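Data first, discussion second: the structure below is written as structure tokens.
Keep in mind it's a predicted model, so treat the numbers as computed, not measured.
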Amino acid sequence: MRNMMPKTVALLASSALLAAGTAQADRSEWPDNFTVGTASQGGTYFVYGSGWANFIADELDVSGGGEVTGGPTQNLALVHSGDMAFGLTTMGPASDAVKGESPLAPGLAMDNVCALFPMYETPFSIAALSSSGIESISDIPDGARIGFGPAASTSDTYFPAILETLGVEFDRRNGGWSDLGGQLQDGLLDVIAFAAGIPIPAVSQLEVQTDVNIIEFTEEEMATVLDAFPVAEFTIPASTYTTLEEDARAVSMWNFAIAGCDLPEDFIYEVTKATMENNERMRSVHRSAETTIPENIVHNNVLPFHPGAARWYEENGYDIADDMIN
């Protein structure tokens, strides 16, 4: 028995070295660092994306962080070109991008963008100061100065068209959410039309400093918008903002994290695994991550999933059609 022990120990040591060597080989093609394209400061994308980047960097021991961008449309272009490894986007701009209809690159089908995981729904919501007297969409006066967020963002792409469809005439303004919130408080804007995960930090900050009206869609307005745009019904819970006394009707669009399709499969597998298996940690990044769960992959019918992400989903019992894997 004593003679067998050294052989057993040697065998275990050899196996450990082999496993370590394999793990090292798997990581040898991983990037040394990564960047996540988010959006403007003060918006949910920036908070969510920066927090997620820090989590992945810590979890996988790879340097990474979030970066301010113009939002979903620009993130698709940055990931497609390889300028950023990861980005956050919504299904509307993603659909345009894969069809070659992105306003940033007309005619270019962005085929190096793969889906990773579902984030949350982006509600389209409207805020005005209580002192303005604007309590409904029909109250918005002709020529109202409306902030739609960063140029080419999901909000700026879809919300102006939504309000035009509802008969609103306005003076269009762009900027980061924090900046637009300050302009609203200073009387330089009449309304802000947000497309961002809730609670929107800029709105929460406004509530602390002044009285705000959160303006909901009427049933008729919602029906009109649902018929004309790629959005779904959404309810903003009353608990989201101190201003709300009851749930508010809105519409929404799903968000997904994206990655360059040419990133190493093992790397993306580990990124997906860490994200999908740590929802409590993700909710600590932003409360909207409550819906960052694998069951919600069904809301992507636009972008192919990265093979590394698809491998994790399939190993854990979530089916993805073959034609939806890059």
Side-chain angles (χ1 to χ4, degrees), residues 34-54 64-79 81 83-94 96-97 102-104 119-128 145-163 170-186 188-209 212 214 240-241 250 252-258 285-289:
F34 67 87
T35 303
V36 178
T38 62
S40 66
Q41 292 185 353
T44 303
Y45 261 33
F46 181 77
V47 177
Y48 186 111
S50 298
W52 175 64
N54 293 337
E67 184 167 318
V68 172
T69 69
T73 299
Q74 186 181 21
N75 291 341
L76 287 155
L78 291 169
V79 169
S81 66
D83 291 323
M84 290 187 179
F86 301 111
L88 312 180
T89 195
T90 41
M91 290 294 95
D96 292 340
S102 170
L104 296 182
M119 295 165 53
Y120 55 82
E121 294 174 86
T122 290
F124 286 68
S125 57
I126 302 170
R145 300 160 298 177
I146 302 181
F148 289 103
S153 64
T154 298
S155 185
D156 185 50
T157 301
Y158 291 95
F159 228 147
I162 287 174
L163 291 183
F170 51 82
D171 179 7
R172 184 172 181 166
R173 304 289 177 88
N174 293 112
W177 294 126
S178 293
D179 181 48
L180 293 177
Q183 291 185 44
L184 183 69
Q185 186 174 359
D186 292 341
L188 301 176
L189 291 176
D190 301 297
V191 173
I192 302 182
F194 295 91
I198 56 175
I200 300 165
V203 174
S204 298
Q205 182 62 32
L206 277 170
E207 286 189 305
V208 173
Q209 299 171 336
V212 180
I214 307 298
T240 305
Y241 301 112
S252 70
M253 188 178 289
W254 269 93
N255 299 267
F256 270 71
I258 54 175
V285 168
H286 196 280
R287 61 189 281 187
S288 65

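- Side-chain N/O atoms of T154 and T90 include a donor and acceptor closer than 3.5 Å.
- Here salt bridge (Lys or Arg N to Asp or Glu O under 4.0 Å) pairs that include residues 37-53, with residues two or more places apart or in two chains, number zero.
- Counting only heavy atoms from C-beta outward, the side chains of S102 and Q74 never approach each other to under 4.5 Å.
- In this structure, the separation between OH on Y48 and CZ on R287 is 14.5 Å, given to the nearest 0.5 Å.
- In this structure the side chain of S204 reaches within 4.5 angstrom of the side chain of Y241, judged on heavy atoms.
- S50 contributes no side-chain N or O that, together with a main-chain N or O of V47, makes up a donor-acceptor pair within less than 3.5 Å.
- In terms of heavy-atom proximity, P93 sits nearest to M253 at CD-SD, 4.1 Å.
- For the atom pair CG of L104 and CG of L76, the computed distance is 9.0 Å after rounding to the nearest 0.5 Å.
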**Asked** How far apart are the C-alpha atoms of I192 and Q183, what are their side-chain angles, what is the distance that settles it, and do they pass the side chain to side chain contact (heavy atoms under 4.5 Å, CB included) test?
**Response** CA-CA 10 Å; I192 302 182; Q183 291 185 44; over 6 Å; no
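- Rounded to the nearest 0.5 angstrom, D156 CG and T73 OG1 are separated by 8.5 Å.
- Residues T44 and P201 come closest through the heavy atom pair OG1-CD, 3.9 Å.
- Looking only at distances, a side-chain donor or acceptor of N255 sits under 3.5 Å from a matching main-chain atom of Y120.
- Judged by distance alone, the side chain of R173 and the main-chain N or O of L180 form no donor-acceptor pair under 3.5 Å.
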**Message:** Run V212 and L184 through side chain to side chain contact (heavy atoms under 4.5 Å, CB included) and show every step you take.
**Reply:** CA-CA 10 Å; V212 180; L184 183 69; 5.7 Å; no
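- Among residues two or more places apart in sequence or in another chain, the ring pair (Phe, Tyr, Trp, His ring centres under 6.0 Å) test is passed with F159 by F124.
- Evaluation of the salt bridge (charged side-chain N to carboxylate O under 4.0 Å, His left out) rule for D190 yields R145 as partners, not counting sequence neighbours.
- To the nearest 0.5 Å, the span separating CG on L163 from CZ on R172 amounts to 10.5 Å.
- Judged by distance alone, the side chains of N75 and T89 never bring a donor and an acceptor atom under 3.5 Å apart.
- Nearest heavy-atom pair, S153 versus P72, reported as atom, atom and distance to 0.1 Å: CA-CD, 4.3 Å.
- Heavy-atom minimum distance, G87 versus V79: N-CG2, 3.7 Å.
- Scored by the ring pair (Phe, Tyr, Trp, His ring centres under 6.0 Å) test, W254 finds H299 as partners (sequence neighbours excluded).
- The aromatic rings of F194 and W177 sit tilted, their planes meeting at an angle between 30° and 60°.
- Considering every non-hydrogen atom in both P123 and A196, the closest pair reads CD-O, 3.3 Å.
- With sequence neighbours left out, F148 forms a ring pair (Phe, Tyr, Trp, His ring centres under 6.0 Å) with F170.
- No side-chain donor-acceptor contact under 3.5 Å links S288 to the backbone of M119.
- Across all their heavy atoms, A193 and S155 have their closest contact at O-OG, 2.9 Å.
- Checked against salt bridge (charged side-chain N to carboxylate O under 4.0 Å, His left out), D83 has no partners two or more places apart in sequence or in another chain.
- The CG atom of L88 lies 7.5 Å from the CD1 atom of I258; values are rounded to the nearest 0.5 Å.
- A donor-acceptor pair is defined here as one N or O able to donate and one able to accept, closer than 3.5 Å; no such pair exists between the side chain of Y45 and the backbone of G37.
- Note that CD1 of I200 is 4.0 Å distant from OG of S125, once rounded to the nearest 0.5 Å.
- Between the side chain of T69 and the backbone N or O of T38, at least one donor-acceptor pair lies under 3.5 Å.
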